[in-house]
Amino acid sequence: MSSRLRAALTPYALIFPGGLWLAIFFVVPTVVMLSLSLQSGDVVSGYAFTFNWHSYVDGITTYHDQIVRSVIYGLAATLIQIVVGFPVAYWIAFRGGRRKSVYLFLLLLPFLVSFVLRTISWQFFLSDNGLLLGPLKSLGLLPQDFHILATSVAVVCGLAYNYLPFMVLPMYVALERIDPRLLEAAQDLYAGRTQTFLRVVLPLSLPGVFAGVLMTFVPATSDYVNASVLGGTSNTMIGNVIQNQFLVNQDYPVASALSFTLMALLLAGIYAYARVLGTEDVLEVAAR
Amino acid sequence: MTETQAGTGADVAAAPTSQTVPAIELDNVVKEYTSHGEVVRAVKGVSLTITEGEFFSLLGPSGCGKTTSMRMIAGFEDPTGGVVRLHGEDVTGVPPNRRDVNMVFQSYALFPHMNVWDNIAFGLKRKKVADAEIRRRVGETLEVVDLLGREKRRPKEMSGGQQQRVALARALVNRPRALLLDEPLGALDLKLRQHMQIELKRIQREVGITFVYVTHDQGEALTMSDRIAVMNDGLVEQLADPREIYERPATKFVAGFIGTSNLLGGTVQEVAGDTAVLALGAGDRVVIPRGGTVAAGDAVDLTVRPEKITISREQPAGDVSVVRGTVSEVVYLGTYNSYMVVLADGAEITVFEQNAHDSSTTAERGDTVWLSWQPRHSFVLR
């Protein structure tokens, strides 16, 4: 083989293992799912490809509430993560000093435990007479019938907690990259602490916040573990419906159709979000 | 200068006092840090008085305390001891945003998320200056730094020289009472640096603001400054105008740091009236000017600049200082020749010879030569 030919083929050779992996475990299932979503029939007599959209129509009309609820829960969890996560990221980036990596490790430490186990521990924590509510109730600060578990609050808290590192890490990276001399320059140009934060730190950290939102909103919206462990029957999310349709009812076409509906919804949301917020003009406007 | 002062009514009213009160005073300022449990004394007691409208340079090698001194003037550091005064007012503990001085940062520190216009207008907006006034002043300043028409660019879309001008404009537009420049030309290449030196000096004359300039580049300091404070190891070694610093270095450090200089060590042989004679090798006769400050038997260090020395093959006549040595190196450098001459005691003396007439060299490697200079061109070092 000539060296020129070899040089031309090298990039393809390097991409081959990863490309093959994605083809087998991402593209093929996606195509299979897409095909499933357009089939009709039932579990007993089998499904056949009919290019029928009725699964989409059925799915969306039947589970309209769960879809809307998932988006609202996802947004609420993302918002909580921004509010809780930003100060943490800020503190580690600017005040962490030489122990920055220790703090980052501590932040990630709970995530060495399985996702499901973490969620179950929240179930204990939030239970009607658990660690949080038990003492408050015995002190008489809360009525005996007060509960958090099986409410939307519990589900949103669980979502916010479980995806928090994916919000904090990109925000930390953006904040850490800010040249401290920019803060001095702002101070030198008559900006007090608040103005320095609003005009310099915040706008420069926005790319990290954008990335964090994308990395948490998408999995939070399609999550089903939190709703099934921490939520009640009135808090089911679209992820629970999909899981149920696949594994319990074995109604593959509807489950697949719902998956694609969710995917399309998230892609449209990300696209709109990136168009509106992902450009540099936003940073400039934010700095005015 | 009169033009800019006429523009700000308040300054005119304050003029009589600002003429007598120095722009910036450092009064026995000390700065100590604790680093890894050890106390580091970055500035060990610096006293300076910088006059209104002056181009003042803090010159010295890295770690000499010049940047720390400047940061104390800006307010980024508070002195451990001593007092910093801006226009007669003690500003110790006053944060940078409440000080009427602005800084041009070493790597510019331009806000990357803002265009040129917003970068420059930043300070005026924080001071809540009216929009029309901001537009007028930013426009004016863009003209001064020659950046009109580039106000919508982002810093990263500009060359180093242009970024430098934006940084300068961003500080100047606020009409600070003093402008602090921290090695502002350090990141530029040689040609651009030389061009910007002239530009900076022009701008300083135009706006009439006090400039405090931190640099480790002696050429830069000599070219631009009205006065220079040469710093070393947290202390001011010499404070004088560029000519004085170059021609009459006060200490060994200054002599060595500024330009090329020759050190001659010897013992004072005799003192007669206003001159003293230094004992070196046989046949050498080195006259010390203002000999009244030394006594016979004193060990003395003397410095002479290479361009003040005449090199010759015959013993020179007249009332000059003379030493003899052997040429160890001859380098042709275009406008001049450089000789390295080794004296009897092993001291190495550099001599520059202008190529004014023809480019032939007076001596070659290995030749024995006479070096002579006017006694008034040599100085005793502390």
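Sequence lines set the chain letters: A, B, ... in the order given, protein chains first and strands last, and positions in each chain run from 1.
Counting non-hydrogen atoms of neighbouring residues, nucleotides and ligands closer than 6.0 angstrom, the CZ atom of Arg177(A) reaches no more than 12 such neighbours. Heavy atoms of other residues, nucleotides or ligands lying less than 6.0 angstrom from CD of Glu38(B) number 12 at most. Other residues, nucleotides and ligands contribute more than 12 heavy atoms inside 6.0 Å of the CZ atom of Phe94(A). Around atom OH of Tyr33(B), more than 12 heavy atoms belonging to other residues, nucleotides or ligands sit under 6.0 Å away. Within a 6.0 Å radius of OH in Tyr271(A), no more than 12 heavy atoms belonging to other residues, nucleotides or ligands are found. Counting non-hydrogen atoms of neighbouring residues, nucleotides and ligands closer than 6.0 angstrom, the CD1 atom of Ile15(A) reaches no more than 12 such neighbours. Heavy-atom neighbours of Glu140(B) CD from other residues, nucleotides or ligands within 6.0 Å: above the threshold of 12. Counting heavy atoms of neighbouring residues, nucleotides and ligands inside a 6.0 Å radius, atom CZ of Phe166(A) does not exceed 12 of them.
With a 4.5 Å cut-off on side-chain heavy atoms, Asp179(A) and Phe111(B) do not count as touching. Counting heavy atoms from C-beta on, the side chains of Glu184(A) and Arg71(B) come closer than 4.5 Å. The shortest distance between side-chain heavy atoms of Arg126(B) and Leu189(A) does not fall below 4.5 Å.
From Leu202(A), atom CG reaches atom NE2 of His113(B) across 9.0 Å, with rounding to the nearest 0.5 Å.
Of all heavy-atom pairs spanning Phe122(B) and Ala191(A), the tightest one is CE2-CB, 4.0 Å. Annotation for Tyr190(A) and Asp100(B): closest pair OH-OD1, 3.9 Å, computed over non-hydrogen atoms. Closest approach of Pro112(B) and Leu182(A) over heavy atoms only: CD-CD1, 3.7 Å. Between Arg181(A) and Ala109(B), the closest heavy-atom pair is O-CB, 3.8 Å.
Heavy atoms closer than 4.5 Å to chain A are found nowhere in Leu180(B), neither backbone nor side chain. Arg193(A) does not touch chain B: none of its heavy atoms, backbone or side chain, sits under 4.5 Å away. Proximity to chain A is absent for every atom of Arg98(B), based on heavy atoms less than 4.5 angstrom apart.
The choice from Gly75(B), Ala74(B), Pro176(B), Pro96(B) that makes the most heavy-atom pairs within less than 4.5 Å of chain A is Pro96(B).
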